Amino acid sequence: METRELANLIFPEVKDISYYEEKYKMRDLPEGAVVTRFAPSPTGFVHIGGLYQSLVAKKQASQTGGVFFLRVEDTDQKREVENGVVGIINALKDYGIEPDEGMIDEENFVGEYGPYKQSMRKEIYQAYAKSLLEKGLAYPCFCTSEELDQIRSNQEKAKERTGYYGKWTKCRNMPIDMMAEKIQNGERYIIRLKSPGNPEKKIKHKDVIKGGVDMPENDQDIVIIKSDGLPTYHFAHSVDDHLMGTNLVIRGDEWLPSVPLHLQLFYMLGFKAPKYAHIAPLMKTEAEGKRKLSKRKDPEAAVSYYKEEGIPKQSVKEYLMNIANSNFEMWRKQNPDKALEEFAFDLKKMGVSGALFDMTKMLDVSKNVISKYTAAEIYEEAYAWAEEYDAELCELLKNKEYSMKVLGIERGNSKPRKDIAKWSDLKETIRYMYQLDKENTNFEYQKITDQEEIQKIVTLYFEKYYDENDDKQTWFDKMKDLAQALGYAREVKEYKANPENYKGHVGDISTVIRVTLTGRCQTPDLYEIMQVIRKRRNFEKNIEESNGI
Ligand code: GLU
């Protein structure tokens, strides 16, 4: 029997590969256009690292006038969960990282190179596996798991590399007739690649991110089609990325060691290999060292975490871009108002080793991002978040007109407030603008703590000095007048020069007013705060209530 007949026996129904080669035309794109993809497995968990990869891939494609597509890699059906595909699609959509082509729900896709879900492409892989079988470049393997265990233990005993290769293979050189007979007898089998590699020889790989990496050639007769008829990741990768016209594979660097195998597969299938860019994982510091951000241990590894915490998408994207290209931070400083899309991202500038993913830094970036929001933008996003996650905040924000004023404090000027990093912080940041914490009568008054003195300051201020129609300068001058009237210095400088002459200074006085009104000694601009709450609140009544004066 010939290999061709064996191939026919195994895959009698499949089409000739010429059909697919014809069907999926070469992409007609400008010179230098990058065709790349995000190829996750639908495990139900969208890792922040996946978003990071997609952001980078989409940016690379759009910057070059290329294509970014989403391919669902669901050949490991044990790991699959229901709605896993939709979860990924929604996460990308949520973050505005929409693919140009790919699955749009569990079954449907857009684009000329689909289906973009591997379980829907079974016959395509089989056609290519058949072509390898025909040429004698692949073969059926009948080894049982016991036999494979035996091979492994023999290898361990002999202190040799484990795997199915060279002299350890059992089925590689089995006569074709015997193979055919076993198949006809209904024996279970898988299809393996007949690797021509020699590990004594090195392949020279030039990675777009990692640079030159030399690795031994692959000699493992890896499985290409499993017993369920579906391909392995390796085989599907070469077939799909060939037919889909990918010219740059951007993926996690856990796949770097597979490059020799992948190049071999492309070569054996007669395909032009794509370029590869292997991205280092996001890391977290722990104790002395660093480790990968873990799905199990770190809540921030899940894309859903950011939504739950109310961290704006823009903040997450900005921070990820910060990690991707270290010059982004400087660019952002120089171009505070430009859209992220305008940044000239450079794949080559990505770090070779694991990038630190630091939540504190992320929140700092977010404070900056939010500082540029208008009050209306904050209101809209925060309200939508609160509706889902925080009933109390939702209640506060219900009074839209007033809330817009609250959110407008120290905003829209050249030095906007930067104290909000996420919507889940917002309630605490603005609550005092709605109600004082009545339980807490123990405010930190800082320097002036004597209750009688406090009462005197507050009463006098509201009786004689405060006028809601004053402009900021007049308002502050009056605060100084009050200070002076009560034996405090009008200016901090004066006080510092002669502390023995004063009870304190104007700052101590304004702190008393600030704390009385807000319960805090750190707030945004007090004048603005008073402008906002003046109409809503009878100050003196509030003071009485909160201080028991
Ligand atoms: N399905 C693979 C993964 O989940 C994709 C790797 C690739 O992008 O080729 O890691």
Side-chain angles (χ1 to χ4, degrees), residues 34-61 66-81 84-85 87-89 91-92 97 99-103 109 113 115-122 124-125 205 207-210 218 222-224 226 230-266 269 271 273-282 292-296 301-303 324 347 350 354:
V34 164
V35 179
T36 189
R37 77 297 188 276
F38 177 44
S41 300
T43 57
F45 181 89
V46 188
H47 195 286
I48 187 75
L51 201 70
Y52 178 55
Q53 270 183 40
S54 312
L55 178 72
V56 159
K58 163 124 184 175
K59 188 93 174 89
Q60 192 64 21
V67 178
F68 166 62
F69 66 85
L70 170 69
R71 180 174 68 231
V72 174
E73 307 215 320
D74 60 342
T75 57
D76 187 354
Q77 304 219 307
K78 286 192 286 295
R79 291 175 61 209
E80 223 189 310
V81 298
V85 177
I88 294 162
I89 293 166
L92 294 183
I97 312 179
D100 304 305
E101 298 169 9
M103 298 309 287
F109 60 87
Y113 297 82
Y116 297 84
K117 176 162 133 175
Q118 290 180 332
S119 58
M120 293 165 82
R121 301 170 62 79
K122 198 167 173 173
I124 304 181
Y125 306 116
H205 168 60
D207 198 88
V208 178
I209 295 173
K210 306 270 178 188
N218 171 63
I222 58 119
V223 181
I224 57 172
K226 299 180 290 181
L230 282 168
T232 52
Y233 163 68
H234 307 293
F235 191 59
H237 155 52
S238 47
V239 172
D240 289 345
D241 281 316
H242 161 69
L243 292 177
M244 296 178 181
T246 306
N247 55 23
L248 175 62
V249 171
I250 299 176
R251 63 182 179 186
D253 70 0
E254 69 272 24
W255 296 111
L256 184 64
S258 304
V259 165
L261 163 63
H262 295 165
L263 293 178
Q264 186 175 65
L265 277 165
F266 276 89
L269 286 158
F271 304 154
K275 284 195 177 136
Y276 288 92
H278 286 97
I279 299 190
L282 299 176
K292 276 192 198 178
L293 210 64
S294 138
K295 167 177 163 177
R296 238 174 352 98
V303 168
L347 203 53
M350 287 191 81

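Just so it is clear, the model here is predicted, and its values are computed rather than measured. Counting starts at 1 for both ligands and their atoms, following the listed order.
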Exercise for the section: Heavy-atom distances under 4.0 Å are what count here, so tell me which part of Y233 touches ligand 1: side chain, backbone, both or neither. Expected result: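 Only the side chain of Y233 comes within reach of ligand 1.
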Exercise for the section: Would you confirm whether T75, through its side chain, and L230, through its main-chain N or O, come within 3.5 Å as a donor-acceptor pair? Expected result: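 Absent.
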Practice task
Taking all non-hydrogen atoms of both residues into account, name the closest pair between V303 and L51 and its distance.
Solution key: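 Looks like CG2-CB, 4.1 Å.
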Problem - Electrostatic pair D241-R71, nearest N-O below 4.0 angstrom - result: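 Looking at D241 and R71, the cut-off is met.
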Practice task
Mark yes or no: K295 above the aromatic ring of F45, with NZ or CZ under 6.0 Å from the six-membered ring centre and no more than 45 degrees from the axis.
Solution key: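 Yes, cation above the ring, under 6.0 Å and within 45°.
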Contacting atoms of ligand 1, where contact means under 4.0 angstrom from a heavy atom of [X]:
X	answer
S41	1 (N), 4 (O)
E73	1 (N), 2 (C), 5 (C)
R251	7 (C), 8 (O), 9 (O)

Exercise for the section: Kindly confirm or rule out an N or O of P40 lying under 3.5 angstrom from an N or O of ligand 1. Expected result: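 No.
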Problem - Nitrogen or oxygen of R37 less than 3.5 angstrom from that of ligand 1 - result: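 Yes; the residue has a nitrogen or oxygen that sits under 3.5 Å from a nitrogen or oxygen of the ligand.
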Exercise for the section: Could you tell me which residues satisfy side chain to side chain contact (heavy atoms under 4.5 Å, CB included) with Q264, sequence neighbours excluded, listed by chain and number? Expected result: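 Expected list: L193, S195, P196, N218, L261, M268.
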